[in-house]
Student: 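Supplied in structure tokens, the structure appears directly below.
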Amino acid sequence: MNQLLSMINLENVRVSVGGREVLAGVSLRVEPGQSVAVVGPSGCGKTTLLRCIVGLTPISFGVVHVDELKILPHGITTEADLRAIRRRASLVFQRPALLPFRTAMESILEPAIVIAHIPRGQAIREASEYISLLRIEECVGRFPGEMSGGQQQRCALVRALMAHSRYLLCDEITSNLDEESVMRIIQCLRMVRSRGVALIIASHQRQFLQEVTDRCMLLDGGIISEETFSKLVAGNTTVPDRLPAAS
Amino acid sequence: MTYSWDFSQVIQYFPAILRGFAIAALVTKLSGIFGIVLAVGIVVLLQSPNTLIRGATHAIATFVRAVPLLISLVFVFYFLPVATGLRFSPFWVAVFVLSMNFAAFASDILRGGLRAIPAHHVDISLAIGHSRASLLRHVLIPETFRRSFAAVSNLIINQLKAVSVASVIGLPETLRTADLLIASQSGANPLELYLSVALLYAIVVLFLSIVLRRCEQSQWIALEPVTKHD
């Protein structure tokens, strides 16, 4: 693929939800191997930004490029293009996203077996690396109702990784998680990043972001701008309340 | 007035009653299978973006639900030969009408089950690259069935009991068999025979209810199953 076409590129993207303009002309470019943090106060549109990259929330203006594929305003992108985009950019949701009637292992293998049609044995071998890294061996045979929030979130992360996407989008995946879960997730994200996967991570947790990202984008009032973590903590009024101070 | 009960006749006629019950069970099974397939089709058509398809499907399902089963059976039994020039046996007319009736009611239950699926279940499935068709097959249909199983179970039990209505078109199911035995020259006593038919239904329905309840709690059907720990 042409190197110039290998990137996520949002050009002047506007998104309205329920009559309110959540994104008011956002431009963002993420190239392979980069890791970008998206911060901002609650309700500023971080989730909307990530959802519109994978076409789950339609945009009203602008264009989203994922490699050579485009998402255009008002949902006119074809279903085939949307599916191709979602195979390249995986979104891990804030809410642990596993179907209640599938065991963790079934959910984890779904992108490989059902979507990519990889043989089950091969898919299990691939998954086992992430499963042991994230220490969820004991819960892969369980249903979500029998797992803690942290275990569910780690399973959801492995599920997203099983799609072998070039871009991994994480929407506040460490919120309300215990320290051990966060540490495991950091290790896992570092590993996938070392393999060339680009990360876009929305979070309120500065320490977590500093561990896994190298660029910081502040989203506020529907506008995105490049910032540094130190500037965000040092008295900027738009710093989100929950962004903890450095320890 | 004193009535002298004589259950010895029941033992004599029970094999015939059981044969009638086997026919009722077969009609229930076939109409249940055809009905559930039709119900899924109706639910899919009700999701169509085309207003005409949606409206027509809704109108037909509502009409079938509104017409009493007895009237549907009699009408189809006498109307089909007029319309097609072919004569259909009471068995297949019963299967057809009961399938339609089951589909009309089951589709409404399934529609409710479908609407109860949280939006984020759809989002997480679309996000990993499911197409609309594979979303339907791997996520929406399995989850809808799990959410609707208890209500559909009741419909299956009701279907077994509803087959007796087809006795009016001559289907030799349990009730019709009992009627014929009572009307025959040997003259079986109606009370004993009807009571035995009622008890047979009660025992089978009780057994079926227990089996369906067990199924409902199994990890293959429960919405939020748990693994079995030793």
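Throughout, protein chains are lettered first and strands after them, A, B, ... in sequence-line order, and every chain is numbered starting at 1.
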Student: Report which part of B/His138 has an atom under 4.5 Å of a heavy atom belonging to chain A: side chain, backbone, both, or neither.
Tutor: both
Student: Counting only heavy atoms closer than 4.5 Å, note whether B/Ala127 contacts chain A via side chain, backbone, both or neither.
Tutor: both
Student: Would you check if A/Arg83 and B/Leu126 make a side-chain contact, meaning some heavy-atom pair closer than 4.5 Å?
Tutor: no
Student: Atom CG of B/Asp123 and atom CZ of A/Arg51: how far apart are they, to the nearest 0.5 Å?
Tutor: 4.0 Å
Student: Could you walk me through whether B/Gln219 and A/Thr103 pass side-chain contact (heavy atoms from CB on, under 4.5 Å), step by step?
Tutor: CA-CA 10 Å; B/Gln219 68 177 42; A/Thr103 62; 5.8 Å; no
Student: Is it true that a side-chain atom of A/Glu79 and a backbone atom of B/Arg132 form a donor plus acceptor pair closer than 3.5 Å?
Tutor: yes
Student: Answer yes or no: does atom CZ of A/Phe93 have more than 12 heavy-atom neighbours from other residues, nucleotides or ligands under 6.0 Å?
Tutor: yes
Student: Quick one: closest heavy-atom pair of A/Leu99 and B/Ser125, and the distance?
Tutor: CD1-OG, 4.4 Å
Student: Given heavy-atom pairs under 4.5 angstrom as the criterion, report whether the side chain, backbone, both or neither of B/Val122 touches chain A.
Tutor: neither
Student: Please report the interatomic distance CD(A/Glu110) to OG(B/Ser134), rounded to the nearest 0.5 Å.
Tutor: 8.0 Å
Student: Could you check whether any side-chain heavy atom of B/Glu143 comes within less than 4.5 Å of a side-chain heavy atom of A/Phe101, counting everything from C-beta outward?
Tutor: yes
Student: What part of A/Leu56 gets closer than 4.5 Å to chain B, counting heavy atoms only: side chain, backbone, both or neither?
Tutor: side chain
Student: Can you confirm whether A/Arg86 sits close enough to B/Ile128 that some side-chain heavy atom of one is under 4.5 Å from a side-chain heavy atom of the other?
Tutor: no
Student: Taking everything shown except A/Arg95 itself, do over 12 heavy atoms lie less than 6.0 Å from its CZ?
Tutor: no
Student: Could you check whether atom OH of B/Tyr201 has more than 12 heavy atoms from other residues, nucleotides or ligands sitting under 6.0 Å from it?
Tutor: yes
Student: Which bit of A/Leu98 comes within less than 4.5 Å of chain B, counting heavy atoms only: side chain, backbone, both or neither?
Tutor: backbone
Student: Would you indicate whether B/Arg65, at its atom CZ, is surrounded by more than 12 heavy atoms from other residues, nucleotides or ligands within a distance under 6.0 Å?
Tutor: yes
Student: How would you list, in number order, the residues of residues 124-137 of chain A that have a heavy atom less than 4.5 Å from chain B?
Tutor: none
Student: First locate atom CD of B/Glu224, then atom CD of A/Glu146, and finally report the distance between them rounded to the nearest 0.5 Å.
Tutor: 10.5 Å
Student: Taking all non-hydrogen atoms of both residues, which atom of A/Pro100 and which atom of B/Pro225 are closest, and how far apart?
Tutor: O-CD, 3.5 Å
Student: Would you find more than 12 non-hydrogen atoms of other residues, nucleotides or ligands less than 6.0 Å from B/His121 atom NE2?
Tutor: yes
Student: What part of A/Val54 gets within 4.5 angstrom of chain B, counting heavy atoms only: side chain, backbone, both, or neither?
Tutor: neither
